[in-house]
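Have a look at the structure below before the remarks.
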Amino acid sequence: MKLPRKLLTFAMLAFLASALLLSSCVPQKKIRYLQRVQEKDTTTFHAFKRNANYKLRVGDNLYIRIFTLDEKAFLFFNKQAGTGSYNDYATDASVYLNSYSISDEGDIDFPILGKLQVKDMTVNQVKAEIQNKIGEYLKETTVVVKAVNFRVSVVGEVMRPGEYTVYKDELNILEAIALAGDMTEYGNRARVALVRKVPGGSQVHYLDLTSEMVLSSEFYHLQPGDILYVSPLGYKRWGLGSTFPWAIALSGLTTALLLINYFK
């Protein structure tokens with residue numbers, strides 16, 4: 001039994017429209033972060049080992065300031081101290097130029113204290129070391145130590161790709177993605193590439209941000225110079241998404257089917 005021509009045309013249109021609309025949607029499972037390994041797990045709290053505390057490397061730059069009530073001592077210990085106000089170090093360029101670069105031998109040359117081995121130490125360890133040594137010469141001092149070359153790059157399927165300067169001692173991969181305005185709907189959250197400099201070259205590590213297990217990864221916390229690349233999902237290759245002109249496509253398809261039906 002043949003279906004009426006109008007009913008057949010309507011069925012074809014409904015089927016094609018449903019197929020197109022369904023194909024334009026990216027499944028929620030592909031865009032949700034930190035999903036439970038076992039979906040039925042009702043535990044409200046999971047503990048993950050913290051892998052932070054970046055170890056300083058050759059070529060890193062440290063911003064070091066010794067604050068004391070003795071103005072002469074302040075001017076002596078601090079590079080280009082000027083008037084001794086915080087305004088002297090207001091720009092990124094001035095902070096960088098007045099920092100101490102870690103030499104190939106892994107040390108910095110600091111006034112009075114001489115060469116200090118700081119390679120493979122954390123920023124807090126360097127601060128404690130200088131505070132301890134400077135206490136032999138000055139009383140009531142405050143030591144400030146910051147790493148000033150902490151920059152990461154985020155490229156690929158993110159809202160604002162680019163290089164970002166980090167004004168704190170540590171940064172995790174989710175915070176870096178947030179700096180770039182989050183991923184687009186096409187971002188492949190299950191395979192984010194982390195490019196990290198190592199002696200003699202670079203290494204690439206892939207992280208699955210859809211799994212909560214990424215929190216325990218040794219690469220969850222970033223290092224200065226890291227590059228994150230978010231690759232696109234396969235949906236983008238077909239051009240199926242919210243920006244695709246669905247109304248025009250469906251209108252053209254409808255017109256074509258009606259013409260075929262009319263002249264049949």
Side-chain angles (χ1 to χ4, degrees), residues 29-39 41 43-63 101-108 117-129 145-158 160-184 187-233:
K29 194 167 185 178
K30 290 185 177 293
I31 60 176
R32 285 169 48 206
Y33 295 104
L34 306 181
Q35 298 174 50
R36 292 287 173 88
V37 176
Q38 308 213 351
E39 295 183 0
D41 187 355
T43 306
T44 58
F45 174 78
H46 281 184
F48 294 91
K49 183 179 179 181
R50 187 170 179 271
N51 293 295
N53 298 325
Y54 169 67
K55 301 296 180 62
L56 295 168
R57 301 175 297 189
V58 170
D60 283 349
N61 289 77
L62 294 176
Y63 170 85
S101 181
I102 300 178
S103 70
D104 292 338
E105 290 71 37
D107 59 37
I108 59 173
Q117 278 291 328
V118 296
K119 180 185 174 183
D120 294 328
M121 296 176 66
T122 67
V123 169
N124 285 335
Q125 287 173 335
V126 174
K127 176 182 176 180
E129 178 75 6
V145 179
K146 297 290 182 181
V148 296
N149 62 318
F150 203 151
R151 293 182 177 84
V152 296
S153 298
V154 188
V155 295
E157 288 296 325
V158 292
R160 295 189 301 272
E163 183 182 62
Y164 294 90
T165 301
V166 181
Y167 296 100
K168 55 183 183 178
D169 294 336
E170 63 183 53
L171 182 81
N172 64 52
I173 189 171
L174 292 177
E175 291 172 325
I177 294 295
L179 286 175
D182 202 0
M183 298 186 198
T184 68
N188 188 351
R189 290 154 175 80
R191 190 174 170 80
V192 177
L194 167 62
V195 182
R196 174 164 294 174
K197 294 179 181 179
V198 295
S202 299
Q203 289 182 346
V204 181
H205 307 276
Y206 293 96
L207 300 172
D208 182 0
L209 301 191
T210 66
S211 170
E212 64 178 358
M213 297 308 297
V214 72
L215 298 175
S216 61
S217 169
E218 62 179 303
F219 303 108
Y220 177 65
H221 286 90
L222 302 183
Q223 296 182 5
D226 280 354
I227 300 173
L228 293 177
Y229 170 63
V230 181
S231 60
L233 289 167

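All residue numbers in this chain count up from 1 along the given sequence.
- Among residues two or more places apart in sequence or in another chain, the side-chain contact (heavy atoms from CB on, under 4.5 Å) test is passed with A178 by none.
- With sequence neighbours excluded, no residue forms a side-chain contact (heavy atoms from CB on, under 4.5 Å) with D120.
- T122 has its side chain within reach of K55: a pair of non-hydrogen atoms, C-beta onward, lies under 4.5 Å apart.
- Between L171 and A176 the shortest heavy-atom distance is CD2-CB, 3.9 Å.
- How far CD1 of I108 is from NZ of K119: 15.0 Å, rounded to the nearest 0.5 Å.
- Taking D182 as the reference, Y33 meet the side chain to side chain donor-acceptor pair (under 3.5 Å) condition, with sequence neighbours excluded.
- Counting only distance, with no hydrogens or angles, the side chain of R32 and the backbone of T210 share no donor-acceptor pair below 3.5 Å.
- Atom CD of Q35 is separated from atom CZ of R189 by 10.5 Å, given to the nearest 0.5 angstrom.
- Between L222 and L228, some side-chain heavy-atom pair lies under the 4.5 Å cut-off.
- Interatomic distance, N172 CG to S217 OG, rounded to the nearest 0.5 Å: 11.5 Å.
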Do any side-chain atoms of residues 198-207 form donor-acceptor pairs under 3.5 angstrom with protein atoms, and if so which ones, sequence neighbours left out?
residue, atom, partner, partner atom, Å
Q203, OE1, H205, NE2, 3.3

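- Every side-chain contact (heavy atoms from CB on, under 4.5 Å) that Q117 has, sequence neighbours left out, goes to D107.
- Interatomic distance, CG of L174 versus CG of L209, reported as 6.0 Å (0.5 Å rounding).
- Looking at residues two or more places apart in sequence or on another chain, you find a side chain to side chain donor-acceptor pair (under 3.5 Å) between E105 and S103.
- Contact annotation: the side chain of I173 never approaches that of L194 to less than 4.5 Å [non-hydrogen atoms, C-beta and beyond].
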Q.
Please determine whether side chain to side chain contact (heavy atoms under 4.5 Å, CB included) holds for the pair M183 and V192, giving the CA-CA distance in whole Å, both sets of side-chain angles, and the decisive distance to 0.1 Å.
A. CA-CA 11 Å; M183 298 186 198; V192 177; 3.7 Å; yes

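- Summarising the geometry of S101 relative to G59, their closest heavy-atom pair is OG-O, 4.1 Å, with the distance given to 0.1 Å.
- Atom-to-atom distance recorded for L233:CG and N188:CG is 4.5 Å, nearest 0.5 angstrom.
- Two residues are said to be in side-chain contact when any heavy atoms from C-beta on lie closer than 4.5 Å; V214 and D208 fail this criterion.
- One distance of note links OH of Y220 with CE of M213; it measures 13.0 Å at 0.5 Å rounding.
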Could you pull out all donor-acceptor pairs under 3.5 Å where a side-chain atom in residues 146-156 meets a protein atom, sequence neighbours excluded?
residue, atom, partner, partner atom, Å
N149, ND2, D60, OD1, 2.9
R151, NE, T165, OG1, 3.4

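- Applying the side-chain contact (heavy atoms from CB on, under 4.5 Å) rule to Q223 yields the partners Y54, R57, R196, D226; only residues at least two apart in sequence or on another chain are considered.
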